[in-house]
A.B. asks: 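First the structure, which I've put down as structure tokens, then a few questions once you've had a look.
It should be emphasised that the depicted structure is a prediction, and the values quoted were computed from it without experimental measurement. Sequential numbering from 1 along the given sequence is applied to the chain's residues. Quick note: numbers below take in every heavy atom, side chains included, and nothing from hydrogens, waters or symmetry partners.
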Amino acid sequence: MFTTRPEIAGTFGVVASTHWIASQVGMSVLERGGNAFDAAAAAGFTLQVVEPHLNGPGGDCPIIVHDAKAGAQQVICGQGVAPAGLSIRHIRDELGLDLVPGTGLLPAMVPGAFDAWALMLRDYGTWSLRDVLSYAIGYARRGVHYVPRIIATLNTVRPMFETEWPTSAALWLRDGGPQEGRLWANPTLADTWERLLREAEAAGHDRIAQIDAARSAWYGGFVAEAIDRFFRANEIMDTSGRRHRGVLTGDDMARWRATKEAPLKRDYRGTTLLKCGVWSQGPTMLQTMALLEGFDVGAMDPLGERFIHTVVECLKLAFADREAFYGDPDFVDVPIATLLSDDYIAQRRRLVGESASLDLRPGTIPGYDRPAPDFAAAEARAEWLSRAPGAGEPTVARLGASGGDTCHIDVIDAQGNMVSATPSGGWLQSSPAIPELGFCLGTRGQMFWLDEAHPNGLKPGKRPRTTLSPAMALKDGRPWMSFGTPGGEQQDQWQPIMFARMVDHAMTIQQAIDAPSFHTEHWISSFWPRPARPGKVVIEGRYGADVATALRDRGHRLEVGGDWSEGRLTGARQEADGQLFAGANPRGMQGYAVGR
């Protein structure tokens with residue numbers, strides 16, 4: 001089977017990410033004696049410089065780690081919470097809005113990415129924060145070559161920056177803005193990190209003390225103070241068409257830290273999948289694979305219409321349950337044990353028929369009555385995206401072409417340590433730049449509903465149900481694979497497709513990534529303006545015309561996208577004999593896997 005590049009193979013270490021520079025930074029750390037956690041942190045901070053349209057220092061980052069020494073896996077939750085001043089009463093009753101805006105200051109959560117990386121580095125890494133940050137600081141100071149998509153993104157939001165977000169214009173449009181073939185630097189961000197290191201090193205020579213001092217400076221020192229000042233002083237235009245003041249404060253930041261928890265697990269044909277908890281959409285993949293286990297997927301053509309139909313119909317059921325039940329478990333009781341149980345899965349599997357369903361069909365669980373989603377209203381909002389530059393989910397355009405939000409990193413070292421991380425949020429088009437810091441904040445608050453009864457209803461101190469969804473898998477009880485993708489709603493669509501092709505059809509990582517792929521937009525989106533497109537399925541143009549015809553005959557509302565438009569997956573795996581393998585997505589011409 002043809003692949004766009006070889007599947008990387010070795011025994012020393014492998015790194016795969018959504019940008020070639022980050023992958024090579026991670027490999028450089030391994031070559032210099034760092035472990036997988038050091039390498040992933042260095043790559044993660046570098047992604048904030050080289051993919052600023054996809055993530056930033058003010059974003060979020062869930063991470064799944066396998067600690068070879070302890071023989072255990074943990075989730076690090078880098079999803080920040082809603083500020084104390086952000087409530088349904090404030091948004092709906094005082095401001096008169098029926099949705100949390102998708103851009104600006106109002107939807108900003110406590111930024112979680114920095115503490116997630118710092119916590120991982122402190123508890124599992126071996127390097128100092130200075131050594132880890134040195135790569136990102138160097139690129140921010142000297143500059144990088146921006147890929148064309150960054151320049152295209154800036155051109156899209158240029159009028160808004162020039163008229164409404166002057167601090168972003170000063171940072172991103174200076175000297176005419178980035179141009180192809182020229183280096184582009186962010187010296188303000190480099191200065192922020194350098195000051196952070198100076199304050200950290202004032203705590204002494206102990207590595208852990210320095211990292212904790214940096215965390216304190218970020219969440220209780222000069223970074224939090226700059227954010228607090230900016231939010232108090234500015235009213236900013238957002239997707240509502242009005243200017244609003246943000247409510248995030250330094251006190252909100254001081255009260256929050258990243259946490260660790262056990263991953264959720266579900267078996268699939270001799271493997272065990274690991275995902276983040278119900279504060280993410282990750283369990284939808286566990287539900288999808290459990291549904292697929294009742295079908296003879298291995299007998300299906302992995303590039304055929306029956307495979308597409310079966311996966312799509314299972315995805316619809318899993319994501320309908322996401323809408324009905326998932327939310328921050330610190331605030332709501334989510335019946336995840338029932339949702340993943342064999343009896344419930346068997347009941348849901350019977351709903352998969354030969355024709356496409358156009359309905360949103362969440363399950364019924366006694367004692368868990370939820371508000372019925374307004375599917376018709378969500379469908380009517382599908383065209384709102386054209387009204388607001390920088391809004392919504394930039395991953396999939398209206399014509400089905402894949403763009404990108406979010407990044408992903410996979411690392412495995414020679415000791416068997418493993419990292420799967422999906423940093424996102426705080427991309428340059430989400431909110432105005434904070435001039436003293438050189439970055440903006442994320443807008444994950446747009447994912448909340450303004451409904452007290454909804455499990456994902458807005459409350460102060462609550463995590464919005466994120467789409468960020470790293471993955472890990474065990475085989476025969478031992479760590480096997482780290483993988484993931486950018487893509488918002490598509491993250492837990494492209495990952496099941498890849499995983500089924502590997503497990504059921506014996507594809508390699510690179511083969512499974514390169515093969516034509518697809519997604520559906522059937523359910524209500526997590527992103528402003530919360531649209532739905534019932535029955536819509538988008539397939540890559542490399543599928544045959546007979547596949548498209550057969551899917552339409554089944555009732556799918558089909559669109560055919562570009563030949564290479566679906567997915568930005570990366571993955572790394574280790575086999576029982578010590579061999580390491582890695583692959584990365586060629587779409588977008590950014591992702592790369594390296595190793596030896």
A.B. asks: Decide whether S469 and K275 meet the rule of one side-chain donor and one side-chain acceptor closer than 3.5 Å.
C.D. replies: yes

A.B. asks: What orientation do W184 and W172 show, parallel under 30°, tilted 30 to 60°, or perpendicular over 60°?
C.D. replies: parallel

A.B. asks: Taking all atoms of both residues into account, what is the closest heavy-atom pair of P283 and L264, and its distance?
C.D. replies: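 Here P283 and L264 meet closest at CG-CD1, 3.6 Å.
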
A.B. asks: Has the side chain of H19 got a donor or acceptor atom that lies under 3.5 Å from a matching backbone atom of I21?
C.D. replies: yes

A.B. asks: Go through the side-chain N and O atoms of W480 and E575 and say whether any donor and acceptor fall under 3.5 Å apart.
C.D. replies: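 A pair is found: one side chain offers a donor N or O, the other an acceptor, under 3.5 Å apart.
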
A.B. asks: By ring-ring contact (aromatic ring centres under 6.0 Å, His included), which residues pair with Y592, not counting sequence neighbours?
C.D. replies: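 Counting only residues at least two positions away or on another chain, Y592 forms no ring-ring contact (aromatic ring centres under 6.0 Å, His included).
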
A.B. asks: Does anything in residues 52-62 form a salt bridge (charged side-chain N to carboxylate O under 4.0 Å, His left out)? List the pairs, not counting sequence neighbours.
C.D. replies: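 Those involving residues 52-62 are D60-R444.
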
A.B. asks: Return the orientation label for the F37 and Y124 ring planes: parallel under 30°, perpendicular over 60°, tilted otherwise.
C.D. replies: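 Tilted: the ring planes of F37 and Y124 meet at 30° to 60°.
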
A.B. asks: Going by atom types alone, do Y543 and D563 pair a side-chain donor with an acceptor below 3.5 Å?
C.D. replies: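 There is no such pair (donor and acceptor under 3.5 Å, judged by atom type) between the side chains of Y543 and D563.
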
A.B. asks: Just checking, is any N or O donor in the side chain of E436 or T188 under 3.5 Å from an acceptor N or O on the other one?
C.D. replies: no

A.B. asks: Where the side chain of D123 meets the backbone of M120, is there a donor-acceptor pair that is under 3.5 Å apart?
C.D. replies: no

A.B. asks: Will you find, in the side chains of S17 and S23, an N or O donor that is under 3.5 Å from an N or O acceptor?
C.D. replies: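 Present: a donor and an acceptor within the cut-off.
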
A.B. asks: Can you see whether H408 engages T422 through a side-chain donor-acceptor pair at a distance of less than 3.5 angstrom?
C.D. replies: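 The criterion, which ignores hydrogens and geometry beyond distance, is satisfied for T422 and H408.
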
A.B. asks: If only atom types and distance count, is the side chain of E540 paired as donor or acceptor with the main-chain N or O of F518 below 3.5 Å?
C.D. replies: no

A.B. asks: Knowing that exactly one of P432, S430, P107, P111 qualifies, which makes a side-chain contact (heavy atoms from CB on, under 4.5 Å) with L441?
C.D. replies: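 It is P111, the one option of P432, S430, P107, P111 that forms the side-chain contact (heavy atoms from CB on, under 4.5 Å) with L441.
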
A.B. asks: We want to know whether Q495 and Q490 form a side-chain donor-acceptor pair, criterion being a heavy-atom distance below 3.5 angstrom.
C.D. replies: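 Note: Q495 and Q490 side chains miss the donor-acceptor criterion.
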
A.B. asks: Indicate whether the side chain of T126 and that of N35 have a donor and an acceptor atom separated by less than 3.5 Å.
C.D. replies: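 T126 vs N35: no donor-acceptor pair found between side chains.
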
A.B. asks: Could you tell me whether the side chains of H519 and E521 share a donor-acceptor contact shorter than 3.5 Å?
C.D. replies: yes

A.B. asks: Check this for me, if you would: do R530 and E489 make a salt bridge, where the nitrogen-to-carboxylate-oxygen distance has to be below 4.0 angstrom?
C.D. replies: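 Result for this pair is no, no salt bridge flagged.
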
A.B. asks: Do W494 and E566 pair up side chain to side chain, a donor and an acceptor below 3.5 Å, judged on atom types alone?
C.D. replies: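 W494 vs E566: donor-acceptor pair found between side chains.
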
A.B. asks: Ignoring hydrogens and geometry beyond distance, is a side-chain donor-acceptor pair present between T443 and Q446 at under 3.5 Å?
C.D. replies: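 Their side chains do contain a donor-acceptor pair, which is all the 3.5 Å distance test asks for.
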
A.B. asks: Between D492 and R322, does any side-chain N to carboxylate O distance fall below 4.0 Å?
C.D. replies: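 Answer for the salt bridge query: no.
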
A.B. asks: Look at the aromatic rings of F499 and F483 and report parallel, tilted or perpendicular, splitting at 30° and 60°.
C.D. replies: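 Taking F483 first and then F499, their aromatic rings lie parallel (interplane angle under 30°).
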
A.B. asks: Is the distance between the ring centroids of W218 and F439 under 6.0 Å?
C.D. replies: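 Under 6.0 Å, so yes.
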
A.B. asks: Decide whether R465 and S280 meet the rule of one side-chain donor and one side-chain acceptor closer than 3.5 Å.
C.D. replies: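 No - no donor-acceptor pair under 3.5 Å links their side chains.
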
